[in-house]
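The structure under discussion appears below in the form of C-alpha cells.
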Amino acid sequence: MIGGCSYLANDYCHKLKKLCEPVTKGCVLYGKVKLLNSNEKDIEEQVMSDTPYMDELDKGPWPSHTKELKRTRFPIMMYEIAMKEKYTQWGHGGMSNVPGLGSGAIARKSRRPDIITHSHLIRVLGNPGNFYKTSTFRKICAIADKYGDGSLHVLTANSNIEICGLMSDADMEGVTLELNALGYDVGSAGDAIRNIPDCMGPALCEYALIDTPRLKHFMTTRYIEDIQYPRFPYKIKTKMSDCPNECGKALLHADIGIIGVFKDLPKVDNERLRSWVEKGGDINWVCDHCPTDAMLWDGIKLEIDGDKCFRCMYCINRVPAIKPGDDRGAAITVGGKMKGKFGPMKGKVIFPFITITPPDYKDLVQAYDKICDIYDERGKKKERIGDMMQRLGFDNFLELCGVEPTSMNLASPRKNTFYHWKTEELGEVRHD
Amino acid sequence: MIGGCSYLANDYCHKLKKLCEPVTKGCVLYGKVKLLNSNEKDIEEQVMSDTPYMDELDKGPWPSHTKELKRTRFPIMMYEIAMKEKYTQWGHGGMSNVPGLGSGAIARKSRRPDIITHSHLIRVLGNPGNFYKTSTFRKICAIADKYGDGSLHVLTANSNIEICGLMSDADMEGVTLELNALGYDVGSAGDAIRNIPDCMGPALCEYALIDTPRLKHFMTTRYIEDIQYPRFPYKIKTKMSDCPNECGKALLHADIGIIGVFKDLPKVDNERLRSWVEKGGDINWVCDHCPTDAMLWDGIKLEIDGDKCFRCMYCINRVPAIKPGDDRGAAITVGGKMKGKFGPMKGKVIFPFITITPPDYKDLVQAYDKICDIYDERGKKKERIGDMMQRLGFDNFLELCGVEPTSMNLASPRKNTFYHWKTEELGEVRHD
Amino acid sequence: MINVGGVGVTPVEENISPLMLRNYGKWDTHEILRPGVIKRISQTGDECYTVRIAMPPSRISVASMLELCDLADEYSGGYFRITLRKAFEFVDVNPEKIDALIEKVEAMGFPVGGTRNSLHNIMACPAWLHCNLPATDSPGIAKALGDALIEEFKNHKLPSMLKINIAACANIEEALMGDIGIIGVHRDQPIILEDEIQRCERPTLIYICPTYAIKPKGKKGIVINPDKCIHCGACTMACEAILTGDPELDGYAVAVGGKASNTGSGPDLGSIVIPYLPNNPPRWDEAVSAVIQIMDAWRKDANPDERMKEWINRIGWDRFFKKTAIKVSIKDIDGYLYGSEFARSDLRFGW
Amino acid sequence: MINVGGVGVTPVEENISPLMLRNYGKWDTHEILRPGVIKRISQTGDECYTVRIAMPPSRISVASMLELCDLADEYSGGYFRITLRKAFEFVDVNPEKIDALIEKVEAMGFPVGGTRNSLHNIMACPAWLHCNLPATDSPGIAKALGDALIEEFKNHKLPSMLKINIAACANIEEALMGDIGIIGVHRDQPIILEDEIQRCERPTLIYICPTYAIKPKGKKGIVINPDKCIHCGACTMACEAILTGDPELDGYAVAVGGKASNTGSGPDLGSIVIPYLPNNPPRWDEAVSAVIQIMDAWRKDANPDERMKEWINRIGWDRFFKKTAIKVSIKDIDGYLYGSEFARSDLRFGW
Ligand code: SRM
Ligand code: SRM
Ligand code: SRM
Ligand code: SRM
Ligand code: SF4
Ligand code: SF4
Ligand code: SF4
Ligand code: SF4
Ligand code: SF4
Ligand code: SF4
Ligand code: SF4
Ligand code: SF4
C-alpha cells in the first residue's frame, strides 16, 4: 500500500512540502508544475502533468467527465493514476457529519497524500421532482466554487446534489450556512432516513396519481431531524413513484417504497378513442399486448374486463384515450436492497393501498412511522430492513405491522406444511 | 396412550384372553362376537361388532375400502376405533427386512394389542409398465390369502404390490420364497434403491421415446442388490417417464428422474394433417395454444419454428399428424423430495440429454452410478439427495457429477455477485 | 441361510397380450370412446381397447381382485394393468364385449371413467389403515370425495383433467402434485415417552430435526422447543418413544395447482391455500365442500384445456382467492423456508 | 453551537415555470417530437416542451453547469430539471427556439436524445473518482459505452428503451435494474492491516460478514476464511484496516433484464450472465463489446415494444445464451443463496 501519512487537517502543505512540489488544491501553482521525485518508493511517475488516460477520455461524442474535471480543481492525478494502475487512489470514506449536524457529508481520505490528503463532499437535499431554476442553482455553483474544488455530482442515484472537494470543517460549515440561507439543506448520509427522491409527478406527467413532489416536501419537513441526525440500525432509503410505471424504481430498491396506484379500472373515453383510431392509432396491437387479455374492442367501443385487468399501466401508456382510474392511493413496499445476509432483494408489498390525504397524510405517516419503529426496535446493527424482515419471517413482519394479510401480500401461497402453530391458535388442547 | 402391553409374537391370544373375548385374526370367532367389558379403562365401547363408521363408508358409488376390508381378515376394529377417536390405532412402523434379505418389509406395531399386536407387510416389486396377467396374479392372491390377512395394496405410489397382514418371520419367509418361485421379488424398503416405477411406454403409448418397461427390467436386474440390501444414507427413489408428459412424475418427486426427451423438432406429416383438418381437426386452436408461438399453419402446411419450440409435447398430444422427433434420449434429474431441511423440492436437471442404448445403457449407468456414489460418499445420515445437493450447492454438485453447465441446467442465472473464487481460477495473484 | 431374492422383475413381454407384443412401439394414435374407454390404433392397423375403473382407496381384498381377474379372463384375455394413479385397467379388451364388461364391473361396484377431462382415480395413502404418522385419514377422505364427485369421474364435463391426491402427513409429495391436494397437518407438540426415550439415538434425533428444535436433556433424554417445532414428524419416524398426533388438533391442509407435465407453463409443486381443516370422519364434510368450492370456481372460469395450474397462472392469485371465496390467512405466508419469493413484489393487483 | 439544518427542501411550486404551475396535475398527453424532445399537452391546451441531454458520468464542473444555466435562461426561462437517470432536461422550452437550443447544446458537447426506444442516459457511480470500494471504474466505462453507442442515444432505432446502469461494486442495485447492468467484482481476499486492525470493533465485523468468514484471532485481531469470503466488501466499509481490491484481479460482471415497471411480466432484478471481465481502461473494450453483443442480439430478435426482460421471458434462457453467443459458466449458478430456484426444474429445452 502507499504511504501511511494520516490525514492532517489544514496543514497538509507543510507536511507534503518535504514530499513533493505542492500540487494540491490550495496552492497557487496547482496543476502547473511537475511532481519532483520524492522519497516515496512507489511514485515512479516523473512527468506529472501528462495525463494520457484522461486525455483519451476527453475525446468522443459522449459528454466527458475527464474534460469536466480539467475545468475544476479536482486532483486529476488521483484519477489518472487510478486508470494507469487500475486501482482507486482514494482511501477509506464514510458517512460523517457537517459540524452541528449528525449527517450530510462523506469524508474521504486519500491513499496518495502526496497528491491530496483527503477530499470531502456534502450532500444537498434535491428539490421535489428534481426541478431547478438557474437563479438559485447559480448560487449553489458559487458556493461549490468557493468552498469546494469546483466539481458537482448532479444528481446522485438518490437525487442529491453533491458539492465536492471540501477540505475542512470550516469549508463544510460555510457551505451549509450559505445553503441554508438559500433555502437548501444538507443531510442523507449515515444511518439516517435518507433524502426521499420522487419523480416529476403532476408537474409534468399525465400518469401522476398521488403528487409525489408535494409529498416529498411534506415528508422532508416532517422527518428532517431523522434525515440530519442518524438514529437507525442502518440507513433507511425511501423512494417514491407517482404511478406503477415506477420511474423512481421504489419497489425494487427502496427500504420503504411509496408508489401511486389506483384501485378501480382504467377510464376509457370511447369517443376520443375512436378519433385516435381513425388517425391511425393501433388499438388492436394494444389489446393483443394487454398481459391479461382484459381489453375488448368491438370497433366502436373498448371495454376493460374488471375481472382480468391488474392495472399494469400498459394501455394507459399507449392510448391517450385511456386514463388511470380515480380511486387513487399508494402502495407501501418494504425491504428492497442489494447487500447483506440475504443478498439483493426486491421490496415486498406490505400495504397494497393506503389513502394519500394532504395536508396531514395520516394513513401514510402512520404506516411509515410503524415500519421505522419496528426497524428501530428490532433491527440489528448494520442490518437493513429487508434482512431484518427475512430474519423475522415475512409473516411475523406483517403481524408486527398490524397487517391482516390478503392475496396482495402474496406472490404465491407457500408450498410446505411446516407451520408453526402458536398456542392461542390451538384452542384448548387435549393431552391424555 | 392406550395399554402398554408390548408385542408378544404369536401368543397374543392368551395375553388378550384376560382382556377380552378374542376378536383378533387367528381366532375362529373372529368378527362374530362382542368385546366384553374389560379392565382397560378406555375401552368404553360395549357393542364391539358394531362398526357404524365403517358401515357408513360401505355406502356410496365410489369403490369402498371398508367393504373390501370386511372381505378380509384385516383387524377392522383398528380402523373403526381410529375413525371414532380420530386417531390412528397403529404404532411404530419402520422399514425392516425379510429374513435373509436386507429390505422388503414394513414392520408395523399396534397401539391396541387387545385387538392385534402387529401387522407387517411385504413389498412385491411391480411389473414393468405395471402390466399383469391373471394367471400369475391369481398366484399372488393365493400367497396373500395363505400368509396375510387377505388384503392387498394394489399399487403403492411407487408401483409395488403390498401383501398385508403378515404376522411372523415365518410368514414373510414363506411369502418371499413362493414369490421368488413365481419369478416375483421383494425389496424397496429402508435406505435402499427403491423399486423403479415406469409408465406403460411403448407397450401401449404412441408418445413413448425410450422404452421404460424394458429399461425397468434392466435397472432392476442390475441394481437388485441395492434394492434388497440398503446401503445409502437414506432411500433413493428413481422414477421414469417415457416422455415429457411425465405420467411418472419423475422430475417432481424422484431422487433420480429418468425422462424420455427428444432433441430435434416434432415431425409433421402435412398430408395427414390436412385430412385431419378436413375432418374437423382445429389446428388453429392448437397453434394459438403453443406456449412459444412456434407453429405456423398457412392452410396447406404446418411449420414448426426451430428457434422457438421447446418440445413441450402439447401439439403432439393434440394432433395425430404431429409426432415426437427421432433424436431421442433421456434427461436425468436429481433431488425431488418432500421433507427434510429444505422442505419440498422439485428435481433439478443434471444431464439434459444422455443416450439410451440397450442392451448396456452405458451413458445411463455411468450417470446413475456417479450420482449414487456421490450420495454414498457425501450424504449425511437421513439426508435425502435433494438436501445434500442444497447443502453442497448446486454448482458444486454439478462439478462433482462432472457436468460442464449449460443453460439447460439453469432456470435463470443468479442475481447476486457473491461469487466464491477458487485460487486456481485467479491465475497468479499480485499482492503488494 | 435360506436363499431368497435376487430374482428381480419379469420382462414386460411376459405380461402383455400377443396383439400388444406385435404392436410394441408401433402405437400411432388413440381415441377416448367414452369416459374410461380408450381405443389405441397401431401403425399396423391393429386396435387395442382398455377399460379403466376406479379402485377402492389404498386396500383391496384378495376376493375382489380374484373377481376382477375373472372378468379380465372373460373380457381381456387375462390381461390387465394398474395405472400410475392406482386405477385398474382391463387391457386389450375384446371390442364387442366392452359394454358387457362395463355393465358387469359397474354392478360389482367399480365405476368406469377417469380419463382425459374427467376426475381421475383419487390417490390415497394407507393412513389410519396401517400407519402411525397420519394426521388425517386419506382413504376415508378419498371415499367421501369419490362418492360426492362420482359424476365427474364418469363424464368428460370438466375443462381439463382433475387429479386429486391425498397424503395423511407431510411425507408424500403426491398432494403437492395434484390439481387439488390434501395433506395431513399435525398441530400438536410431539410427546416424549420419558421412560423409553433412552433407546433412541440422540445424535440422530438432534441432527434430523430440520429446525434444531430438539436439544439434549440430561444424560439420555431430549426436549423439544415448541417455538421451533414445525410438526414435520421426522423425529417420530426415527424414534419409537416420540409420538405425534392429537385427535383434537390433527387435521389437513388443501393445496392446488400441482402439475408434472411440461405443457403450458410447465411443471411445479402446488401451493397450499387452506392451512387447516378439522378431521370429521366418516364423511369429511369440510374436505368435500372445500374441494367442490375450488372445483366449481375452476370449472366456471377456466378455458377449455386449462388445468388448475394454468387457470391460476392466467387469472393470478388475487382472483383465485376471490373466485373461490377462500380467506387468505397468515399461514399462507411461508415463514419456514427462505420465504421471500412467496411475498408479493409487484403492484399488479386484481382488486 | 452554530445553528444549521432544519430547513428541508423548497416547495415544487418555487422551481417550475408559471405555465407548469397553471397546468400542475392537468397534463393530458405527450408526444416525442424527435429523440430527446418531448411535447406535453395539458387539458387546458397549454403545451410544455422539454429537451433532454446526456450528462458526463458522475461529475460535472461548476463551469459547465453555469454554461447550461445560461442556455436555460435563454431558451427555457431559467427552468431545468435532472431526470431520475441523472440526465439534464431544459423544461418549458420556447418551442420556436428548440432547434437553436439543440444546435448550441450539442456544440457544447451535450448530445440531445435518450427518450423512449433509444439508449437512455448511462448511470454511473463515482468509483475511481472518489470511492475506496470500486472493483472497476463506472464513469470510464460509461464514457466508453456512450462514445460507442452515441447513435443509439440520438435515435429511436431500438425495439424498446435501453437503460444501462453501472455500479463499481455490489453496493448499488442500479446495475440489477438496468436492461443491461455492469457490476464491479472483487476476486481478491480482503487484506488486513495487522497494526491498525485493533481500532476496529471486532464484534461488529464478525457479525456483519454475511457468511461468517471473519473469526477472531488473538486478543484484538481477526482472520478471514478464504473458503467463505464472497468479496461483498461489508468488512472493508466497517473498518479502515481492511482493504479490498487488487489491480490484477478486480473486474466486473454483466447483468441483463432488470426492470422496475409493472407492464408486461412486471418488475424483477436482472440476472448476471457474464461473471467476470478484466478491467481494461481507458476504453474498456471488453465491456463495450459485451454490451454490443447483447444489444445486437436483442435488437435483431425482439418484437416492437419488447424490453430486454420481456424478450428473454419470451425466448427463454437457452435461446438467450445461444443468440448472444455468451458461454454459460459454473459461476452463473447461485452457490450463495438458497439457490434451488435458479436450477432448472423443467424439460422445456431450447436446443
Ligand atoms: C395410464 C397412465 C400411464 C400409466 O402408465 O399408468 C396414463 C396414460 C395416458 N396419459 Fe398420462 N397417464 C397416467 C398418468 C399421468 C400422470 C400422473 C398422475 O396423474 O398422477 C400425469 C401427470 C399429471 C400432471 O401433469 O400433474 C399424466 C400426464 C399426461 C399428459 C399431460 C397433460 C397436460 O398437462 O397437458 C398427457 C397428454 C394429454 O393429456 O393430452 C397424458 C396422456 C396420456 C395418454 C393419452 C397417453 C396415450 O396416448 O396413451 C394416456 C391416456 C390418458 C388418459 O387417462 O386420459 N398424460 N398422466 C396413467 C393413468 C393415470 C390415471 O389413472 O388417470
Ligand atoms: C404405501 C405408501 C403410500 C401409498 O399410498 O402408496 C407409503 C407408505 C409409507 N411411507 Fe412413504 N409411502 C409410499 C410412497 C411415498 C412417496 C411417493 C412415491 O414413492 O412416489 C413419498 C414421497 C417421495 C419421497 O420418498 O420423498 C414417500 C415419503 C415417505 C417418507 C419421507 C421421506 C423423507 O424424505 O423424509 C417417509 C419417512 C421415511 O422414509 O423415513 C415415508 C414412510 C412411509 C411409511 C413406512 C411410514 C413409516 O415410516 O412408518 C408408510 C408405511 C405405511 C404402512 O405401514 O402401510 N414415506 N412415501 C407408498 C409406498 C411406496 C413404495 O412402494 O415404496
Ligand atoms: C424523466 C423521467 C422521470 C423523472 O422524474 O426523472 C421519466 C419520464 C417519463 N417516463 Fe419514465 N422516466 C424516467 C425514468 C424511468 C425509469 C427509471 C430508470 O430508467 O432508471 C423507469 C423504470 C424503468 C424500468 O422499468 O426498469 C421508467 C419507466 C417508464 C415506463 C414503463 C416502461 C415499460 O417498461 O413499459 C413508462 C411508460 C412508457 O414508456 O410508455 C414511462 C414513461 C415516461 C414518460 C413518457 C411519462 C410522461 O408521460 O411524461 C416520460 C418520458 C419518457 C421517456 O423518457 O421517453 N417511464 N422511467 C425519468 C427519465 C430518465 C431518463 O433520463 O431516461
Ligand atoms: C453517490 C452515490 C452513487 C451514485 O452514483 O449516485 C453513492 C456513493 C457511495 N455509496 Fe452508495 N451511493 C449512492 C447510491 C446508492 C444506492 C442507490 C440509491 O440510493 O438509489 C444504493 C443501493 C440501495 C441501498 O442503499 O442498498 C447504495 C448502496 C450503498 C451501500 C450498501 C448498503 C448495504 O446495504 O450494505 C453502501 C455501504 C454503506 O452504506 O455502508 C454504500 C456507500 C457509499 C459510499 C459512501 C462508499 C463508502 O461507504 O465509502 C459511496 C460514496 C462515494 C464517494 O465518496 O463519492 N452505498 N448507494 C449515491 C448517493 C446516494 C445518495 O445521495 O444518498
Ligand atoms: S412514475 Fe409515473 S407519474 Fe412518475 S414520471 Fe414516471 S410515468 Fe410519470
Ligand atoms: S391496465 Fe394493463 S391489465 Fe389493465 S387493461 Fe390496461 S394493459 Fe390490460
Ligand atoms: S409418460 Fe409419455 S410415454 Fe409414458 S404413458 Fe405418459 S404420455 Fe405415454
Ligand atoms: S412441442 Fe410445444 S413448443 Fe414445440 S411446437 Fe409443439 S406445442 Fe409448440
Ligand atoms: S403419507 Fe404419512 S400417513 Fe400416509 S402412509 Fe405415508 S407416512 Fe403414513
Ligand atoms: S416434529 Fe419435526 S420439527 Fe418438530 S421436533 Fe420433531 S423433527 Fe423437529
Ligand atoms: S457502488 Fe461501490 S464503488 Fe460505486 S460509489 Fe457506491 S460504494 Fe463506491
Ligand atoms: S468481504 Fe464480505 S464475505 Fe468477505 S470477509 Fe468481508 S464481509 Fe465477509
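A note on names: the letters A, B, ... follow the listed sequences, proteins ahead of strands, and every chain is numbered from 1. Computed over heavy atoms, backbone and side chain alike; hydrogens, waters and symmetry mates excluded.
In this structure, no portion of A:Arg311 lies under 4.5 Å from any heavy atom of chain D. Heavy-atom distances place no part of A:Asn195 under 4.5 Å from chain D, backbone and side chain included. With a threshold of 4.5 angstrom between heavy atoms, D:Tyr212 approaches chain A through side-chain atoms but not through N, CA, C or O. Within the 4.5 angstrom heavy-atom criterion, no atom of D:Leu145 approaches chain A. Using a 4.5 Å cut-off between heavy atoms, A:Ser159 contacts chain D through its side chain alone, with no backbone atom that close. If you measure heavy-atom distances from A:Pro291 to chain D, the contacts under 4.5 Å come from the side chain alone. With a 4.5 angstrom heavy-atom cutoff, D:Met123 touches chain A only via side-chain atoms. Using a 4.5 Å cut-off between heavy atoms, A:Tyr53 touches chain D through backbone and side chain atoms alike. The contact between A:Leu69 and chain D is made entirely by side chain atoms (from C-beta outward), counting heavy-atom distances below 4.5 Å. A:Ala208 does not touch chain D: none of its heavy atoms, backbone or side chain, sits under 4.5 Å away.
Using a cut-off of 4.0 Å between Lys/Arg side-chain N and Asp/Glu carboxylate O, D:Glu67 and A:Arg71 are scored as salt-bridged. One finds no salt bridge joining A:Glu246 and D:Lys259 here, because no Lys/Arg side-chain nitrogen approaches an Asp/Glu carboxylate oxygen to under 4.0 Å. We find that D:Asp92 and D:Arg81 are not joined by a salt bridge, their nearest charged nitrogen and carboxylate oxygen being 4.0 Å or further apart. Using a cut-off of 4.0 Å between Lys/Arg side-chain N and Asp/Glu carboxylate O, A:Lys380 and A:Asp387 are scored as not salt-bridged.
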